[in-house]
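Labels below follow one simple rule: chain letters A, B, ... track the order of the sequence lines, proteins then strands, and each chain is numbered from 1.
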2 protein chains.
Amino acid sequence: MSRSNPRVVSVLERAGGFASAQEVYRLMQREGESIGLTTVYRSLQSLVNDKFVDVLRREDGEAIYRLCGGAHHHHLVCKGCGETVEIEGGAIEKWAKTMAQEFGFRDVGHTAEIFGLCPKC
Amino acid sequence: MSRSNPRVVSVLERAGGFASAQEVYRLMQREGESIGLTTVYRSLQSLVNDKFVDVLRREDGEAIYRLCGGAHHHHLVCKGCGETVEIEGGAIEKWAKTMAQEFGFRDVGHTAEIFGLCPKC
DNA sequence: TATGGAAATGAAAATCATTTTCATTTGTGC
DNA sequence: GCACAAATGAAAATGATTTTCATTTCCATA
């Protein structure tokens with residue numbers, strides 16, 4: 001299993017926001033770093049597993065990554081410009097727990113995203 | 001330009017929630033409807049343009065479609081066997097509304113899924 | 001009822017992100 | 001130095017989506 005690659009982390013830091021795997025790869029190439037696309041994908045995935053980065057999807061479906069604090073949170077995403085706000089989901093956590101119990105599900109996780117148009121759009 | 005295809009709309013109605021283009025296609029095939037995948041994609045796109053359906057992205061990036069205004073519910077999905085239970089999300093609706101208001105978002109929708117292991121798995 | 005053009009259709013090819021395969025390289029403990 | 005596990009990356013495979021392009025269906029009008 002590939003480990004969280006410090007070179008990839010560094011690129012994400014410098015990118016300072018969201019970047020797709022392809023973008024990370026192109027950036028590293030442009031800077032003369034020798035790395036394979038496969039390794040970029042693997043590194044990003046293990047960073048996601050370790051909760052060092054957040055994944056989201058562009059409107060075209062491409063996955064985009066960003067370093068994140070690691071705390072569990074949800075997103076409010078603008079359909080127009082893609083701006084995202086991290087939000088609290090206390091109500092969701094409770095709801096998920098309740099529902100899981102009601103139907104006898106164990107080992108549960110959940111996703112919850114809100115999407116709409118931000119004030120600017 | 002392809003027009004909003006009533007057969008595709010009908011499938012989405014019966015699906016009663018989100019369905020991907022591929023799923024719509026497979027469903028129609030299974031029911032003996034003769035239609036091309038290309039046409040499914042085009043119909044869905046024009047339905048989106050006309051705001052008759054909403055698009056979202058699954059976690060794997062696949063686009064999923066749902067009739068706007070249709071009955072709205074959430075899912076409890078088993079990671080083991082794939083069984084899904086439709087559940088109520090009253091708490092979620094409230095949460096989404098509150099959050100949207102707080103950040104000035106308009107025209108909002110949301111997704112929320114819970115996944116875990118069902119009693120049998 | 002013909003007929004001509006516009007819109008709709010779909011099969012097959014192209015595209016593009018992502019994943020898988022697999023052989024090679026690198027690193028680490030002994 | 002040696003063996004073995006982990007990491008790497010090139011190339012092929014995958015899978016959704018889009019594009020191309022030739023054919024078919026509609027529909028208005030002669």
Side-chain angles (χ1 to χ4, degrees), chain A residues 1-12 15 17-67 77 79 82 84 111 113 115, chain B residues 1-12 15 17-67 77 79 82 111 113:
Chain A
M1 193 85 59
S2 153
R3 195 65 50 58
S4 300
N5 190 320
R7 294 193 293 158
V8 169
V9 173
S10 156
V11 170
L12 282 179
F18 285 107
S20 71
Q22 303 281 345
E23 283 165 359
V24 168
Y25 176 66
R26 273 180 242 126
L27 268 171
M28 296 183 77
Q29 296 249 301
R30 214 172 298 147
E31 291 172 7
E33 297 236 33
S34 164
I35 196 169
L37 185 54
T38 314
T39 303
V40 171
Y41 273 103
R42 276 194 287 236
S43 303
L44 286 171
Q45 250 174 342
S46 86
L47 284 165
V48 170
N49 285 342
D50 298 349
K51 315 240 194 237
F52 287 137
V53 316
D54 243 2
V55 207
L56 270 183
R57 293 272 166 186
R58 288 222 180 97
E59 215 166 317
D60 68 354
E62 192 175 356
I64 49 181
Y65 306 84
R66 154 181 85 170
L67 290 177
V77 184
K79 287 191 281 198
T84 72
T111 52
E113 312 281 329
F115 48 93
Chain B
M1 193 85 58
S2 153
R3 195 63 49 60
S4 301
N5 190 321
R7 293 192 294 157
V8 169
V9 173
S10 156
V11 170
L12 282 178
F18 285 105
S20 71
Q22 304 280 346
E23 283 165 358
V24 168
Y25 176 66
R26 273 180 243 125
L27 269 171
M28 295 181 77
Q29 296 251 301
R30 213 172 298 148
E31 291 173 8
E33 297 237 32
S34 164
I35 195 169
L37 185 52
T38 314
T39 303
V40 171
Y41 273 103
R42 277 193 286 235
S43 303
L44 287 172
Q45 251 173 342
S46 86
L47 284 165
V48 170
N49 285 341
D50 298 348
K51 314 239 195 242
F52 287 138
V53 318
D54 247 1
V55 207
L56 268 184
R57 294 271 166 187
R58 285 222 181 98
E59 217 167 313
D60 68 353
E62 193 174 355
I64 50 182
Y65 306 83
R66 158 183 80 174
L67 289 177
V77 185
K79 289 189 281 198
T111 50
E113 311 281 329

Length of the line joining Leu37(A):CG and dA12(D):P, which is rounded to integer Å = 15 Å
Atom CG of Asp60(A) and atom P of dA17(C): how far apart are they, to the nearest Å?
-> 8 Å
Taking CD1 from Ile64(B) and C1' from dA16(D), how many angstroms apart are they, rounded to a whole number?
-> 14 Å
Ignoring the backbone of Ser34(A), work out which of dT9(C), dT17(D), dG9(D) is nearest its side chain.
-> dG9(D)
For Met28(B) and dG10(C), give me the distance from atom CE to atom C1', rounded to whole Å.
-> 13 Å
State the CG-CG distance between Leu47(B) and Asp54(B), to the nearest 0.5 angstrom.
-> 11.5 Å
Value in whole Å for how far the C1' atom of dA6(D) lies from CG of Asn5(A) | 13 Å
Heavy-atom distance under 4.5 Å between the side chains of Ile35(A) and Val8(A), does that happen here?
-> yes
How long is the line joining CZ of Arg26(B) and C1' of dA16(D), in whole Å?
-> 11 Å
Is any side-chain nitrogen or oxygen of Gln45(B) closer than 4.0 Å to OP1 or OP2 of dT17(D)?
-> no
Is any side-chain heavy atom of Leu56(B) less than 4.5 Å from a side-chain heavy atom of Phe115(A)?
-> yes
Tell me: CD of Glu33(A) to C1' of dT8(D), nearest whole Å?
-> 15 Å
Look at Tyr41(B) and dT18(D) and indicate whether a side-chain polar atom (N or O) is within less than 4.0 Å of OP1 or OP2.
-> no
Return yes if a side-chain donor-acceptor contact under 3.5 Å exists between Gln22(B) and Tyr41(B), otherwise no.
-> yes
Ignoring backbone atoms, test whether Thr38(A) places a side-chain nitrogen or oxygen under 4.0 Å from the OP1 or OP2 oxygen of dT8(D).
-> no
Have a look at Glu62(A) and say if it touches a base, only the backbone sugar-phosphate, or nothing, with a 4.0 Å heavy-atom cut-off.
-> sugar-phosphate
Side-chain atoms of Arg42(B) come closest, of dT18(C), dT20(D), dA16(D), to dT20(D)
In whole angstrom, what separates Gln29(A)'s CD from dG9(D)'s C1'?
-> 12 Å
Are any of the side-chain heavy atoms of Val9(A) and Phe52(A) separated by less than 4.5 Å?
-> no
